[in-house]
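Down below is the structure, laid out as structure tokens.
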Amino acid sequence: AKKGKNCSDEVIALIKTKYKKESGIVYCLSRKECDTFAAQMKENGIKALSYHAGHADNKRSEIQGRWISEEIQVVCATIAFGMGIDKPNVRFVIHAVLPKSIEGYYQESGRAGRDGANADCILFYNYADVYRIRKMVEQDNPNPNVLRTHMDNLFKMVSFCENKTDCRRQLQLNYFGEIYDRQQCVANKATSCDNCRCKDDFNMFDATEDAKQITKAVRDIVQSRSCNLTMVMLTDIFKGCDLKKLREAGLTKHPLYGRGRSWNRGDIERLLHYMVLKEYLQENMHITVNDFVCVYVKIGQNAAELMTKKDTKVIIPMRSSNTTTAVATVTAVPQAINGALLELQEKCYKELMEIIKGIAGALDISASSVMNMIAVRAMSQSLPDSAEAMLKIPHVTKANFEKYGKALLDITQKYAAEKHALMADEHEAIDNEEDEDDTWSSVSTSTNKYKSVAGKKRKAKSNYQSANKKFKKTGTSTAKAKAKPTAKAKATAKVKSIAGTTANESKGP
């Protein structure tokens with residue numbers, strides 16, 4: 001879940017560590033938020049620009065073009081961004097705010113990984129976003145029918161985020177009438193959603209009696225007018241928090257006080273949000289003269305159904321008592337690969353892009369019209385040294401190779417030669433390390449033999465010398481064990497695409 005009101009620090013840290021050189025989108029709620037996010041990213045060394053309806057048409061086109069040609073890494077945008085854009089190598093889509101509907105989230109998250117490679121879709125969820133969105137919707141749509149439709153869509157999105165047990169992909173696709181087998185998500189841990197990865201962390205719990213007691217408490221407190229009841233205050237009462245405001249209002253003597261003392265606060269909030277979604281409780285929003293939002297809890301229109309119908313149950317996911325509180329994360333950051341080779345590939349990529357941008361500028365066309373961006377990235381990684389090897393790269397056709405490919409081949413051939421020289425040096429270094437290990441092994445063996453003979457002559461020291469013998473052997477095997485992974489790490493040049501199009505904190509398909 002999103003920590004506090006602003007998750008910009010978490011988003012920036014994520015981009016700088018996991019997506020350092022990858023292209024992506026960060027969706028924000030307002031124009032001001034887009035500008036703020038982009039400014040903070042620039043301060044932290046991330047090439048980012050904001051994109052929203054506040055910019056002129058030519059400005060938006062310029063930002064879009066710079067992002068597609070990878071002059072900038074991240075676009076901080078409202079939902080106005082992304083329609084009709086075909087950029088295949090988007091490695092991450094981050095929602096810094098709750099989307100307004102499942103349809104919108106599905107469409108926005110679907111802009112990641114269109115090249116078929118793994119990509120991440122991450123949603124930072126905070127229930128407080130509901131109030132922000134609701135305020136915007138109510139101010140823009142006075143029509144009650146339109147308002148109701150927007151709120152229904154929003155509550156469906158909240159329900160999606162609050163769900164801790166069902167597969168995210170299955171939830172989305174079932175919403176659109178499609179059938180999806182959860183085992184497909186579970187099967188691949190690298191691309192599974194957060195719920196499938198953490199499916200054993202939560203158990204379904206029957207909270208019907210607790211919900212009834214909460215409903216009674218809300219009725220009693222509101223009728224007595226002892227205070228304006230907020231969701232936070234209701235959580236504190238159920239949890240049994242020792243707070244001055246509760247003591248002054250006499251709420252520490254209420255039967256509900258402390259009923260959920262053993263509960264995790266997140267589970268209490270999940271129960272209350274569920275009751276709002278089911279309309280057992282209702283949140284009335286008031287906007288003050290200073291434009292602040294105040295939300296007070298009252299009895300909902302379906303409260304009577306909960307209190308009178310025996311077949312009405314309130315079942316919520318509750319964190320297992322034997323698990324620790326943990327934020328569901330996307331797939332792990334790839335293991336460190338050969339730094340020199342990675343640097344070489346990045347230099348090649350930059351040089352290729354410079355040539356492509358030069359050609360595009362001369363012909364007054366987009367960079368992607370010169371060469372597919374996926375193909376350019378593949379060139380920089382595989383470093384083809386012949387026309388035949390270049391033509392094997394996906395999206396490189398004979399036609400565009402004849403037009404532009406030869407200039408690009410000259411660059412990849414140069415870096416391919418540097419790669420071969422680099423790998424030769426590494427293999428030589430590995431051989432030297434192995435020779436040193438063999439020398440140490442023979443010295444260690446002869447020393448152990450000597451100590452063994454000495455042990456036969458002087459039995460009083462046999463235990464000490466036997467321990468020495470074991471130590472020497474252990475040291476030898478450890479040295480070899482260390483040498484092998486080092487050799488493997490140096491000989492391996494593998495760039496790993498990360499995380500399937502998943503939800504995380506909540507992820508899309």
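Starting from 1, each residue takes its place in the sequence as its number. All values below come from the heavy atoms of this structure, side chains included, with hydrogens, waters and symmetry mates left out.
- Within a 6.0 Å sphere centred on CZ of Arg247, other residues, nucleotides and ligands contribute more than 12 heavy atoms.
- Between Met318 and Trp263, the closest side-chain pair of non-hydrogen atoms falls below 4.5 Å.
- At most 12 non-hydrogen atoms from other residues, nucleotides or ligands lie less than 6.0 angstrom from CG of Asp364.
- Of the charged side-chain nitrogens involved, none lies within less than 4.0 Å of a carboxylate oxygen, so that Glu279 and Lys298 do not count as a salt-bridged pair.
- A donor and an acceptor atom, one from each side chain of Glu283 and Tyr131, are located under 3.5 Å apart.
- In this structure, the side chains of Trp67 and Tyr51 stay at 4.5 Å or more apart for every pair of heavy atoms.
- Between the side chains of Glu269 and Thr235, no donor N or O sits under 3.5 Å from an acceptor N or O.
- Taking CD from Glu346 and CG from Leu341, the interatomic distance works out to 11.5 Å, rounded to the nearest 0.5 Å.
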| field | Worked check of side-chain hydrogen bond (donor to acceptor under 3.5 Å, both in side chains) between Asn153 and Glu103 | value | CA-CA 9 Å; Asn153 289 335; Glu103 289 90 345; 5.2 Å; no

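- A donor-acceptor pair shorter than 3.5 Å cannot be found between the side chains of Ser23 and Asn89.
- Scanning both residues, Asn145 and Asn143, for their nearest heavy atoms gives N-OD1, 2.9 Å.
- With ring centers used as reference points, Phe124 lies 6.0 Å or more from His95.
- No hydrogens or angles considered: nothing links the side chains of Lys42 and Asn44 as a donor-acceptor pair under 3.5 Å.
- Other residues, nucleotides and ligands contribute only 12 or fewer heavy atoms inside 6.0 Å of the CZ atom of Phe292.
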| task | Output, in order, the C-alpha distance, side-chain angles, deciding distance and verdict of side chain to side chain contact (heavy atoms under 4.5 Å, CB included) for Phe92 and Ile122. | result | CA-CA 8 Å; Phe92 64 90; Ile122 306 163; 5.5 Å; no

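- For Asn163 and Asp166, the side-chain atoms include at least one donor-acceptor pair closer than 3.5 Å.
- Counted by atom type alone, Gln172 and Asn174 present zero donor-acceptor pairs between their side chains at under 3.5 Å.
- Taking all atoms of both residues into account, the shortest heavy-atom contact from Leu256 to Ala217 is CD2-CB, 3.4 Å.
- Screening Arg168, Arg169, Lys189, Lys164 for a salt bridge (charged side-chain N to carboxylate O under 4.0 Å, His left out) with Asp194, the sole residue that qualifies is Arg168.
- Side-chain contact check for Arg270 and Tyr127: no donor-acceptor pair (N or O, by modelled atom type) lies under 3.5 Å.
- With a 4.5 Å cut-off on side-chain heavy atoms, Glu33 and Ser30 count as touching.
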